[in-house]
Amino acid sequence: MLSWAVTFLIVALIAAVLGFGGIAGTAIEIAKIIFFVAIVLFVISAVMGLMRRGRAP
């Protein structure tokens with residue numbers, strides 16, 4: 001998922017250099033959303049892993 005965020009970031013940077021402001025703005029917003037979703041999923045996964053490890057077999 002982070003690779004998608006990096007891809008949209010690169011697209012935004014290239015679009016900004018070429019002068020396509022609307023496309024660059026949209027791409028950076030998509031990259032931000034994907035990045036924060038990835039962070040939330042990571043935190044949920046880490047918490048669930050800690051909860052699972054704490055249980056006795």
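Values below: every heavy atom of this structure, side chains too, minus hydrogens, waters and symmetry copies.
None of Val37, Ile33, Ile39 except one satisfies the side chain to side chain contact (heavy atoms under 4.5 Å, CB included) rule with Phe35; the exception is Ile39.
Under a hydrophobic-cluster definition in which Ile, Leu, Val, Met, Phe, Trp and Tyr are linked whenever side-chain heavy atoms come within less than 4.5 Å, directly or via other members, Ile34 and Val6 are assigned to different clusters. Linking Ile, Leu, Val, Met, Phe, Trp and Tyr residues whenever their side-chain heavy atoms come within less than 4.5 Å leaves Leu13 and Val17 in two separate clusters. Phe36 and Val11 sit in two unconnected hydrophobic clusters of ILVMFWY residues. Membership requires side-chain heavy atoms under 4.5 Å apart, directly or through other members.
Contact between Leu9 and Ala31 at its shortest, heavy atoms only, is N-CB, 3.9 Å. Considering all non-hydrogen atoms of both residues, Ile28 and Ala12 come closest at N-CB, 3.8 Å.
Without hydrogens or angle criteria, Thr26 side chain to Gly22 main chain gives a donor-acceptor distance under 3.5 Å.
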